[in-house]
Amino acid sequence: MNTNTVSQLLAKDQFGLEIEIKGWVRTFRAKRFIALNDGSTINNIQCVVDFENTSEETLKRITTGAAVHIKGELVESQGKGQKVEIVVTSIEILGDSDPENYPIQPKKHSFEFLRENAHLRTRTNTFSAVMRLRSNLSFAVHKYFTENGFYNMHTPIITGSDAEGAGEMFRVTNLDAKNPPVNQEGKVDFKEDFFGKETNLTVSGQLEAETYAMSLGKVYTFGPTFRAENSNTSRHLSEFWMIEPEVAFMDLAGNMDLAEDFMKSVINYILENNKEDLEFLENRLLDEEKTKPQSQRSEMSLIEKLKFVVDNNFKRVSYTEAIEILRNSKPNKKKKFNYIIEEWGADLQSEHERFLVEKHFKCPVILFDYPANIKAFYMRLNEDGKTVRAMDILFPGIGEMVGGSQREERLDVLKEKMAALDIPEEELWWYLDLRKYGTAVHSGFGLGFERLVMFATGMTNIRDVIPYPRTPQNAEF
RNA sequence: UCCUCUUUAGCUCAGUUGGUUAGAGCAUCUGACUGUUAAUCAGAGGGUCCUAAGUUCGAGUCUUAGAAGAGGAGCCA
């Protein structure tokens with residue numbers, strides 16, 4: 001006798017096998033039918049209990065959420081709805097689950113409620129599907145880069161430079177918060193802190209990744225990233241996972257090619273390996289859409305959307321072209337936008353990005369060559385002197401999925417831009433060294449992993465695609 | 001951080017111009033039934049109406065302050 005997973009048992013086509021299985025009870029119907037799940041698949045296996053020959057005491061302990069060990073025979077199902085089922089010969093209750101208090105009831109729960117029970121929410125179909133997909137997407141990320149000659153690099157999580165400019169940072173300190181040491185200027189003296197200087201949690205591994213790209217050629221980091229922004233939206237987390245490849249001798253066009261090929265590859269991987277989970281999530285979304293008016297329903301189902309991304313080229317549009325499209329668009333002329341586009345140089349608001357992606361092109365869009373003054377200091381200045389080789393990839397329903405650029409490789413230009421933004425050279429002496437010794441064209445991008453998971457699962461709140469979301473005022477679990 | 005909305009039973013929600021003992025569905029429990037698919041049928045139990053202060057003869061309902069959650073915005077990934 002072997003201990004199997006539900007996934008393995010459901011795939012078997014030989015009947016009459018003596019088998020064992022351990023899992024958790026999802027529902028127990030008519031004192032006879034256990035729907036058993038062990039996490040190996042979205043599907044349950046039906047276990048048929050001979051209740052006439054099972055003690056009343058045992059039957060009472062078969063409750064939603066209980067852990068059980070079942071021995072029995074795998075047979076062709078007599079009922080409709082499943083191919084195989086288990087005729088139970090013995091059942092052992094491994095762990096009881098008090099039905100009066102168990103929060104996950106056999107009924108629909110709101111995502112808000114399940115978020116408060118995040119330790120139990122993967123016992124539901126939706127969250128188990130989402131987290132299996134998240135796991136496989138993570139694997140697909142490493143698979144893609146490894147197969148394409150990239151080295152995985154672990155960039156530091158505690159960082160000593162505060163010049164990355166990607167957002168507010170979380171300070172890392174072990175000074176006494178009530179009574180910190182103070183210097184002569186009356187400020188906190190970080191020289192006495194653990195690292196002898198001010199340190200923070202990383203907001204990006206990019207600068208460190210650049211150093212490795214300039215020796216190992218093609219590298220990527222995939223790790224946790226922290227932003228202390230007070231953002232209360234369904235698209236932002238204080239702690240999230242970011243994928244950041246960095247490649248030497250690659251220009252912006254190559255960067256766009258890489259990002260597009262990468263995204264198609266990982267989405268294709270789950271289309272091939274998570275069919276059942278995707279079908280479940282697709283049906284969940286279809287049910288949800290039935291409650292909406294026709295005009296608000298999406299044109300494509302979840303799987304159709306994923307296939308569309310894999311099969312079609314992303315639309316590449318320069319910032320300048322995008323401004324022209326927006327300026328001549330209906331909502332701009334009729335003043336429907338909250339921010340009317342009037343001239344070149346305006347920063348694009350999310351309403352503009354949504355218009356381009358969801359109304360105008362109806363596909364993922366890569367915007368490139370942005371005005372220099374709305375982008376970061378390290379981006380490669382174009383020959384026109386006003387734009388930089390930056391690119392953002394915008395996805396329908398998600399917004400900005402990727403932000404990347406060709407990096408400024410010319411020492412003098414980089415120094416000028418840092419000076420203009422008051423970034424002290426001492427802070428980034430090592431970053432400048434890359435431009436002093438063997439500098440070369442290089443590029444990379446950052447991709448928010450959770451936003452990828454959102455797109456792949458159709459979930460609309462980023463807090464529902466990470467196990468334990470960290471957001472302002474919330475670090476439970 | 002700003003704007004809008006929400007907070008009533010374990011969950012999802014209703015609750016009229018302020019008025020007796022605050023309701024429904026699901027869940028739970030009890031009983032019936034037993035090849036069911038979120039089983040069905042009958043019955044029962046279950047309430048700090050988010051918190052604090054106020055107005056009033058009387059507040060779930062009105063006012064003020066606060067907390068938490070959601071949606072949108074900004075910022076971004």
Side-chain angles (χ1 to χ4, degrees), chain A residues 26-35 43-52 59-60 63-65 75 77-82 85 87 97-117 124-125 164-168 202-206 222-244 259 287 337-339 347-354 374-376 392-395 398-404 445-455 460-466 471-474 476:
Chain A
R26 281 291 177 80
T27 60
F28 184 41
R29 282 187 297 274
K31 281 193 198 167
R32 191 194 279 275
F33 303 101
I34 300 172
N43 297 306
N44 303 323
I45 194 160
Q46 174 157 287
C47 304
V48 185
V49 179
D50 178 9
F51 67 93
E52 279 136 336
L59 290 175
K60 281 201 168 158
T63 58
T64 301
V75 300
S77 179
Q78 291 177 36
K80 287 172 192 164
Q82 59 278 318
E85 64 189 20
V87 174
S97 175
D98 179 3
E100 296 258 24
N101 296 313
Y102 184 54
I104 311 297
Q105 299 162 356
K107 59 164 291 200
K108 265 215 163 88
H109 291 95
S110 67
F111 288 156
E112 288 87 345
F113 173 74
L114 290 171
R115 229 169 270 152
E116 289 167 10
N117 291 282
T124 66
N125 288 330
E164 285 155 343
E168 291 294 309
T202 183
V203 292
S204 164
Q206 179 201 317
F222 180 11
T225 310
F226 307 87
R227 304 270 168 96
E229 303 282 356
N230 192 6
S231 300
N232 293 289
T233 82
S234 52
R235 301 182 307 282
H236 292 86
L237 291 164
S238 308
E239 175 183 291
F240 64 100
W241 287 66
M242 191 151 64
I243 298 154
E244 293 175 287
D287 283 347
F337 284 143
N338 288 321
Y339 296 85
D347 210 345
L348 299 183
Q349 309 293 321
S350 48
E351 58 182 346
H352 305 132
E353 296 180 348
R354 269 210 307 278
I374 59 171
K375 287 290 179 182
D392 283 354
I393 303 185
L394 310 176
F395 260 59
I398 310 286
E400 188 176 341
M401 180 85 81
V402 167
F445 62 83
L447 186 154
F449 183 58
E450 282 74 19
R451 293 195 180 167
L452 179 63
V453 180
M454 284 171 84
F455 182 74
T460 52
N461 191 317
I462 201 164
R463 301 172 184 102
D464 295 330
V465 299
I466 188 167
T471 51
Q473 297 301 318
N474 180 19
E476 192 66 48

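Note on naming: letters A, B, ... go to the chains in the order of the sequence lines (proteins, then strands), and numbering restarts at 1 for each one.
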Please give the distance between the [atom1] atoms of [N] and [M] as a whole number of Å.
N: B:G18; M: B:A9; atom1: C1'; answer: 24 Å
N: B:U4; M: B:G25; atom1: C1'; answer: 29 Å
N: B:G10; M: B:G72; atom1: C1'; answer: 31 Å
N: B:C11; M: B:U16; atom1: P; answer: 22 Å
N: B:U48; M: B:G60; atom1: P; answer: 14 Å
N: B:A67; M: B:U21; atom1: C1'; answer: 32 Å
N: B:U8; M: B:U51; atom1: C1'; answer: 15 Å
N: B:G71; M: B:A65; atom1: C1'; answer: 24 Å

Rounded distance (Å) that lies between atom [atom2] of [N] and atom [atom1] of [X]:
X: A:His109; N: B:G69; atom1: NE2; atom2: P; value: 20 Å
X: A:Gln46; N: B:G35; atom1: CD; atom2: C1'; value: 8 Å
X: A:Leu114; N: B:U12; atom1: CG; atom2: C1'; value: 12 Å
X: A:Asp98; N: B:G10; atom1: CG; atom2: C1'; value: 11 Å
X: A:Asp347; N: B:A73; atom1: CG; atom2: P; value: 15 Å
X: A:Arg227; N: B:A77; atom1: CZ; atom2: C1'; value: 6 Å
X: A:Leu237; N: B:A77; atom1: CG; atom2: C1'; value: 10 Å
X: A:Asn230; N: B:A73; atom1: CG; atom2: P; value: 16 Å

Compare side-chain N and O positions of [X] against OP1 and OP2 of [N] and report whether any pair is under 4.0 Å apart.
X: A:Ser350; N: B:G74; value: yes
X: A:Ser231; N: B:C76; value: no
X: A:Arg29; N: B:U36; value: no
X: A:Arg32; N: B:C33; value: no
X: A:Ser234; N: B:G72; value: yes
X: A:Arg115; N: B:A68; value: no
X: A:Lys60; N: B:U30; value: yes
X: A:Arg26; N: B:U36; value: no
X: A:Arg463; N: B:A70; value: yes
X: A:Gln105; N: B:U28; value: no
X: A:Asn461; N: B:G71; value: yes

State the pairing partner of [N]; accept Watson-Crick or G-U wobble contacts with both distances under 3.5 Å, and report none otherwise.
N: B:C62; result: B:G54
N: B:U20; result: none
N: B:A67; result: B:U7
N: B:A42; result: B:U30
N: B:A73; result: B:U1
N: B:U48; result: none

With a 3.5 Å cut-off and just heavy-atom distances, do the side chain of [X] and the base of [N] make a donor-acceptor pair?
X: A:Glu100; N: B:G46; answer: no
X: A:Gln82; N: B:U36; answer: yes
X: A:Asn101; N: B:U28; answer: no
X: A:Arg235; N: B:A77; answer: no

What's the closest nucleotide to the [X] side chain, out of [options]?
X: A:Glu400; options: B:A70, B:A77, B:U34; result: B:A77
X: A:Phe240; options: B:C29, B:A77, B:G74; result: B:A77
X: A:Phe33; options: B:C11, B:A77, B:G35; result: B:G35

Revision key, fill the gap. What one should report as the nearest heavy-atom pair of A:Ile466 and A:Trp241 is CD1-CD1, 4.3 Å

Exercise for review: Search all heavy atoms of A:Glu244 against all heavy atoms of A:Ser204 and return the closest pair with its distance.
Suggested key: OE2-OG, 2.8 Å

Revision key, fill the gap. Rounded to the nearest 0.5 angstrom, the CZ-NZ distance for A:Phe28 and A:Lys60 is 12.5 Å

Point to revise | ring pair (Phe, Tyr, Trp, His ring centres under 6.0 Å) evaluation trace for A:Tyr339 with A:His352 | key: CA-CA 9 Å; A:Tyr339 296 85; A:His352 305 132; 7.0 Å; no

Review point. Do A:Thr27 and A:Arg29 have a side chain donor and acceptor closer than 3.5 Å?
Key: yes

Practice item. Measure the distance between the ring centre of A:Phe449 and the centre of the six-membered base ring of B:A77, then answer whether it is under 5.5 Å with planes under 30°. Key: no

